[in-house]
Amino acid sequence: MNSKELWAKRRELANKVNELITDNKDEALRVEGQLREIDDEISRVTAEEEEARNAAVQKAQRLHTIGADLFGDRAVFDGIQPGFKATMPIKDAVSGLPTPQIYRRDLPSPVAPPTGFLATLAHGTAEGDEHYFTTPVLDNKAAGWVDGQKPESSLAWGEDTAHLEVIAHWIPIKRQTANRYSELESIVANSLMMGLDLKADEYALRGNNQNGIVGVCNKPGILKHKKVEGKNLKDTFASMKRKVRVATGIAPNYVALSPYTLEELSQSKDQVGRYLFPDIGNGGNIAGLTCVEDVNMTVESTETALVYYNYAASFDIADTAEVTVGLVDKQFIENAYTLLAELTAALRVDMPAGFCYCPDLGIAAEDDSMASISVTASK
């Protein structure tokens, strides 16, 4: 019997003991002995069931790594050849779809870092270019009234299209590497997929393809903010937060900042030398907003900021990330293969006023090395 059946049997015996306790003490003692035996059996069966559940979870976790998803079971892996193709599962499935499976991505070091702004957005699926209505902005004319025509407010619905765009890159690998499971897993996780995520993040923020992805910083209808001289960064973020709250009725919950801006905040001190924001950083909090570290918030040595409500946009995937092996140019005679990763996605910005962008925080990156990193990421 399983634990559920044993517990039902125990309840039956316990009720029987209660009935016999006054009329037939000897029989009651005998049934109590059966109760002790069934308690021991419940403990044993419960432990076995728990062990079986843990074993099943561990097996599922072993199976669902990036390597297992792409290349199958390590035990039967015998290399990959040109023409090989595999698709990654969709990340962050949209709600309303069938119950998502849990995937563990246990990878060799270094593990890919968080991809910043894009990781905070909702993720969905797309069948093609998406035509949609944007959240209306209320033109509020409410006022006191005594007589005559009452004030009339209005809702201005907008229309927009989220165009699909292919994001892809490839790297050469030695042919011998194609036979080595761990090397392939590491390359895919730490180079191909991380590079794809970083580029997708850049597009979601600063894309400017009118036939593809237009990033939120370039999206018509978002709110803009100019830093007021004399106000500190926290004051600036609070003002941006207020703008989104007033325009949409929704309180924003994130602020995207560059590593350098976060460093500036972490080093800010009061007049007696105490740190103002000792716990600031990626995932820290300022002005009631969660900080998101993103290198794309530095633009040509200028520091910017984006305050936003993370469900005001969604990154919808039409073709999931796909890894393909092939040959390019002279690779055949050079004993090398090509490893290609690509995905097709669209960015929907349903609530443009859910974003407030400050194009200049009044601080500059410290040195040319920081600027060169951000310029590279913004092209």
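As the structure is a prediction and not an experimental result, all values here were calculated from the model. The chain is numbered in sequence order, starting from 1.
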Give a yes or no answer on whether the side chain of [X] reaches the backbone of [Y] with a donor-acceptor pair at less than 3.5 Å.
X: S258; Y: Y260; result: yes
X: K241; Y: A287; result: yes
X: R206; Y: N296; result: yes
X: T120; Y: G116; result: no
X: N285; Y: C291; result: no
X: D316; Y: A126; result: no
X: N282; Y: E293; result: yes

Residues D350, T134; criterion side chain to side chain contact (heavy atoms under 4.5 Å, CB included); working and verdict: CA-CA 5 Å; D350 295 88; T134 58; 5.9 Å; no
Shortest non-hydrogen contact from [X] to [Y]?
X: F117; Y: D201; result: N-OD1, 3.2 Å
X: L196; Y: A341; result: CD1-O, 3.8 Å
X: H131; Y: T161; result: ND1-OG1, 3.0 Å
X: G354; Y: A312; result: CA-CB, 4.0 Å
X: L340; Y: A168; result: CD1-CB, 4.3 Å
X: G128; Y: L164; result: CA-CD1, 3.5 Å

Looking at residues at least two apart in the chain, or sitting in another chain, which of them share a side chain to side chain donor-acceptor pair (under 3.5 Å) with [X]?
X: N211; answer: none
X: T236; answer: none
X: H169; answer: none
X: N179; answer: none

Can you list every pair that meets salt bridge (Lys or Arg N to Asp or Glu O under 4.0 Å) and has a residue in residues 265-287, with sequence neighbours left out? D270-R274
For residues 218-235, which residue pairs pass the salt bridge (Lys or Arg N to Asp or Glu O under 4.0 Å) check, not counting sequence neighbours? D160-K219
Let me check something: do L343 and V214 share a hydrophobic cluster, defined by ILVMFWY side-chain heavy atoms less than 4.5 Å apart, either directly or through other members? no
Say whether Y203 and V166 are linked into one hydrophobic cluster, either directly or through other cluster members, by side-chain heavy-atom distances under 4.5 angstrom. no
Rounded to the nearest 0.5 Å, what separates atom [atom1] in [X] from atom [atom2] in [Y]?
X: L184; Y: F84; atom1: CG; atom2: CZ; result: 8.5 Å
X: L198; Y: I167; atom1: CG; atom2: CD1; result: 11.0 Å
X: Y275; Y: Q267; atom1: OH; atom2: CD; result: 7.0 Å
X: K199; Y: I213; atom1: NZ; atom2: CD1; result: 11.5 Å
X: L339; Y: T324; atom1: CG; atom2: OG1; result: 8.5 Å

Less than 4.5 Å apart, side chain to side chain, heavy atoms only: is that true for [X] and [Y]?
X: L205; Y: L118; answer: no
X: D360; Y: T304; answer: no
X: L347; Y: L121; answer: yes
X: T177; Y: I187; answer: yes

State which residues pass salt bridge (Lys or Arg N to Asp or Glu O under 4.0 Å) with E165; sequence neighbours excluded, sorted by chain then number. none
Residues sharing [X]'s hydrophobic cluster, by side-chain heavy-atom contacts under 4.5 Å among ILVMFWY, directly or via others?
X: I280; result: L233, F237, M240, V255, L257, L262, L265, L276, F277, I286, L289, V307, L361, I363
X: I250; result: Y309, Y311, M351
X: V244; result: L223

Under the ring-ring contact (aromatic ring centres under 6.0 Å, His included) rule, what pairs show up with a residue in residues 344-363, not counting sequence neighbours? Y308-F355
Side chain to side chain donor-acceptor pair (under 3.5 Å): which pairs involve residues 242-257, sequence neighbours left out? H225-K243, N253-N310
Between the side chains of E303 and T298, is a donor N or O closer than 3.5 angstrom to an acceptor N or O? yes
